[in-house]
Amino acid sequence: MLNKLAASELVLNGDGSVYHLNLLPEDIAGKIILVGDPDRVPKVSEYFDKIEIKKNKREFYTHTGILRGERITVMSSGIGTENIDIVMNELDALVNIDLKNKEFKSEHTSLELFRLGTCGSVNPDVEVDQMLVTQNVVGLDGLLRFYADYEFENSFSRNFMAKFPYENIKGMLYFSDWAEDISDYYQDAKYHGNTATFPGFYAPQGRQLRLKALDDRFLETLNDLGVSNFEMETSAIYGLSKLLGHKALTVNNVIANRRRGEFASDHHVSEKKMIEWVLERIIP
């Protein structure tokens with residue numbers, strides 16, 4: 001890889017900020033909370049003692065401020081791993097690339113990334129309106145297959161691949177896991193589990209409107225293979241964090257149990273609880 005990046009490889013805005021996130025290096029903290037919904041950003045930053053930065057472009061909204069004497073950032077990613085590909089690479093560029101000269105820095109900076117999301121459960125024993133922390137993740141979206149240097153295997157991935165029955169999807173799968181050295185932040189969560197990240201909301205998650213899904217038992221099969229819940233971002237966050245040398249943890253608010261046909265009556269209450277729970281642990 002060349003040390004000097006061409007203008008087409010790292011696109012910047014007129015003010016020198018990274019193209020999609022519209023941020024400069026000084027706009028972010030070392031601890032970053034990632035949420036999908038832009039409306040969730042102020043729900044997090046309202047707990048800050050002081051907000052220093054407010055920027056946005058497209059679906060990417062960022063607030064950086066101070067909480068209990070420590071600098072912290074909250075940022076929205078929008079939906080899906082394709083957006084996470086943008087977020088992760090541009091966040092890494094902010095701390096590990098000299099944007100002015102478009103050269104890699106000699107010293108690496110590692111960010112701590114905390115996803116706060118929502119998910120559905122495929123395990124009938126997981127209760128709605130509770131929090132579930134992702135330990136292992138399987139990506140069914142194929143994103144990390146585009147990165148030459150990504151390799152990951154553990155007991156969860158070996159068992160999953162050995163028993164996964166859908167050959168037309170199997171080639172897209174990739175795996176990752178949490179940053180174990182910061183997992184103690186969430187040691188008292190009610191649930192720790194294995195997550196599946198899907199590339200869509202309808203057929204990939206077993207929903208059928210006018211189009212038939214692959215298999216009526218798809219979610220049940222995932223549960224049989226050790227999956228607890230599913231969402232649309234964590235595999236890319238965990239996988240790209242490992243490639244780029246960052247540390248990531250996901251906690252999701254369980255708003256649906258698909259096996260029991262349950263949906264949270266008001267998930268905003270448990271969402272607020274999750275935000276407070278996370279902030280109390282990452283900045284005590």
Side-chain angles (χ1 to χ4, degrees), residues 10-13 15-68 70-97 99 109-119 134 143 178-179 182 185-186 197 231-253 271-272 274-279 281-283:
L10 178 59
V11 182
L12 302 177
N13 298 311
D15 63 353
S17 61
V18 289
Y19 184 64
H20 298 91
L21 301 185
N22 194 35
L23 297 173
L24 296 164
E26 58 267 27
D27 293 335
I28 63 169
K31 289 182 178 179
I32 300 175
I33 293 174
L34 298 174
V35 298
D37 186 354
D39 289 341
R40 198 175 297 146
V41 171
K43 292 180 181 179
V44 175
S45 66
E46 70 177 357
Y47 290 94
F48 295 0
D49 300 317
K50 177 183 178 182
I51 299 175
E52 301 173 337
I53 301 290
K54 286 186 177 182
K55 288 189 175 182
N56 68 279
K57 185 178 179 182
R58 301 189 184 189
E59 60 267 65
F60 306 111
Y61 282 69
T62 301
H63 291 180
T64 295
I66 304 295
L67 176 61
R68 292 187 278 275
E70 186 171 341
R71 205 160 184 254
I72 185 170
T73 293
V74 57
M75 173 186 299
S76 62
S77 66
I79 296 175
T81 57
E82 67 276 21
N83 275 11
I84 296 300
D85 185 60
I86 291 171
V87 169
M88 291 296 299
N89 278 283
E90 293 193 5
L91 283 177
D92 181 74
L94 288 171
V95 295
N96 288 313
I97 297 177
L99 300 184
T109 296
S110 180
L111 298 169
E112 292 186 359
L113 304 164
F114 304 93
R115 166 163 159 72
L116 276 66
T118 58
C119 73
T134 299
L143 175 66
W178 63 4
I182 62 169
Y185 282 130
Y186 295 165
T197 294
E231 44 83 271
M232 296 179 67
E233 287 81 26
T234 294
S235 60
I237 294 173
Y238 278 18
L240 288 172
S241 289
K242 289 192 181 300
L243 276 179
L244 293 166
H246 303 297
K247 301 173 183 179
L249 289 175
T250 284
V251 58
N252 278 314
N253 180 22
E271 174 190 68
K272 184 175 187 292
M274 176 178 65
I275 291 169
E276 293 173 348
W277 186 87
V278 167
L279 290 176
R281 280 152 184 78
I282 67 174
I283 301 184

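What's counted below: heavy atoms across the whole structure, side chains too, no hydrogens, waters or symmetry copies. Bear in mind the structure is a predicted one, so any value in this text is a computation, not a measurement.
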Study note, to complete from the structure: Partner of Asn83 under side chain to side chain donor-acceptor pair (under 3.5 Å), picked from Glu233, Arg58, Glu59, is Glu59
Check your understanding: Are any of the side-chain heavy atoms of Leu111 and Val95 separated by less than 4.5 Å?
Key -> yes
Exercise for review: Any chance you could measure Leu12, atom CG, to Asn22, atom CG, to the nearest 0.5 Å?
Suggested key: 11.0 Å
Exercise for review: Kindly give the heavy-atom pair with the smallest separation between Ser45 and His63, and that separation in Å.
Suggested key: OG-ND1, 2.8 Å
Point to revise | Lys57 to Tyr19, cation-pi by 6.0 Å centre distance and 45° axis angle | key: yes
Exercise for review: Without swapping roles, check the side chain of Arg281 against the backbone of Glu276 for a donor-acceptor pair under 3.5 Å.
Suggested key: no
Review point. Would you say Leu244 has more than 12 foreign heavy atoms packed within less than 6.0 Å of its CG?
Key: yes
Practice item. With the side chain counted from C-beta on, respond yes when Tyr186 and Val278 share a heavy-atom pair under 4.5 Å apart, and no when they do not. Key: yes
Practice item. Quick one: do Asp27 and Lys55 satisfy salt bridge (charged side-chain N to carboxylate O under 4.0 Å, His left out)? Show the steps, please. Key: CA-CA 9 Å; Asp27 293 335; Lys55 288 189 175 182; 2.7 Å; yes
Check your understanding: Is a side-chain N or O of Glu82 found less than 3.5 angstrom from the main chain of Asp85, in a donor-acceptor match?
Key -> no
Review point. Run the side chain to side chain contact (heavy atoms under 4.5 Å, CB included) check on Leu34 and Phe114 step by step: do they pass?
Key: CA-CA 6 Å; Leu34 298 174; Phe114 304 93; over 6 Å; no
Exercise for review: Answer yes or no: is there a side-chain heavy-atom contact under 4.5 Å between Ile72 and Tyr47?
Suggested key: no
**Study point:** Leu91 and Leu21, any side-chain heavy atoms less than 4.5 Å apart
**Key:** yes
Practice item. Over all heavy atoms of both residues, which pair between Gly36 and Ser76 is shortest? Give the atoms and the distance, please. Key: O-CB, 3.8 Å
Review point. Do side-chain atoms of Tyr238 reach the backbone of Thr134 as a donor and acceptor pair under 3.5 angstrom?
Key: yes
Exercise for review: Give the C-alpha distance, both sets of side-chain angles, the deciding distance and a yes or no for side chain to side chain contact (heavy atoms under 4.5 Å, CB included) between Ile32 and Val74.
Suggested key: CA-CA 6 Å; Ile32 300 175; Val74 57; over 6 Å; no
Practice item. State, yes or no, whether a side-chain contact exists between Leu249 and Tyr185 at a heavy-atom distance under 4.5 Å. Key: yes
**Study point:** Check against side chain to side chain contact (heavy atoms under 4.5 Å, CB included), Trp277 and Asn253
**Key:** CA-CA 11 Å; Trp277 186 87; Asn253 180 22; over 6 Å; no
Check your understanding: Closest heavy-atom contact between Asn252 and Thr118?
Key -> OD1-N, 3.2 Å
**Study point:** Straight-line distance of Arg71 CZ to Lys50 NZ, nearest 0.5 Å
**Key:** 10.0 Å
Check your understanding: So, the side chain of His246 versus the backbone of Ser110: is there a donor-acceptor pair under 3.5 Å, distance only?
Key -> no
Practice item. Determine yes or no for a side-chain-to-main-chain donor-acceptor pair under 3.5 angstrom, with Thr73 supplying the side chain and Ala29 the backbone. Key: yes
**Study point:** Separation between CD1 of Ile182 and CG of Leu113, rounded to the nearest 0.5 Å
**Key:** 8.0 Å
Practice item. Spell out, as yes or no, whether a donor-acceptor pair under 3.5 Å connects the side chain of Ser241 to the backbone of Ile237. Key: yes
Review point. Is a side-chain N or O of Asp49 found less than 3.5 angstrom from the main chain of Arg68, in a donor-acceptor match?
Key: yes
Review point. Is there a side-chain contact between Met75 and Val41, using heavy atoms and a 4.5 Å cut-off?
Key: no
Practice item. Without swapping roles, check the side chain of Thr81 against the backbone of Ala236 for a donor-acceptor pair under 3.5 Å. Key: no
Check your understanding: Do any N or O atoms from the side chain of Thr197 and from the backbone of Ser235 form a donor-acceptor pair under 3.5 angstrom?
Key -> yes
Exercise for review: Evaluate the ring planes of His20 and Phe60, with Trp represented by its six-membered ring, and classify them as parallel (under 30°), tilted (30 to 60°) or perpendicular (over 60°).
Suggested key: perpendicular
Check your understanding: Should we say atom OH of Tyr61 is surrounded by more than 12 heavy atoms from elsewhere, each under 6.0 Å from it?
Key -> no
Review point. Can you list the steps and then say if Thr250 with Trp178 is a side chain to side chain contact (heavy atoms under 4.5 Å, CB included)?
Key: CA-CA 8 Å; Thr250 284; Trp178 63 4; over 6 Å; no
Review point. What is the distance from atom CG of Leu240 to atom CD1 of Ile84, rounded to the nearest 0.5 Å?
Key: 9.0 Å
Point to revise | Leu94 side chain near Leu99 side chain, heavy-atom distance below 4.5 Å | key: yes
**Study point:** Nearest-0.5 Å distance, CD1 of residue Ile275 to CD1 of residue Ile33
**Key:** 8.0 Å
Practice item. Drop me the distance from Leu116's CG to Lys43's NZ, to the nearest 0.5 angstrom. Key: 12.0 Å
Review point. Backbone N or O of Lys31 within a donor-acceptor pair of the Glu112 side chain at under 3.5 Å?
Key: no
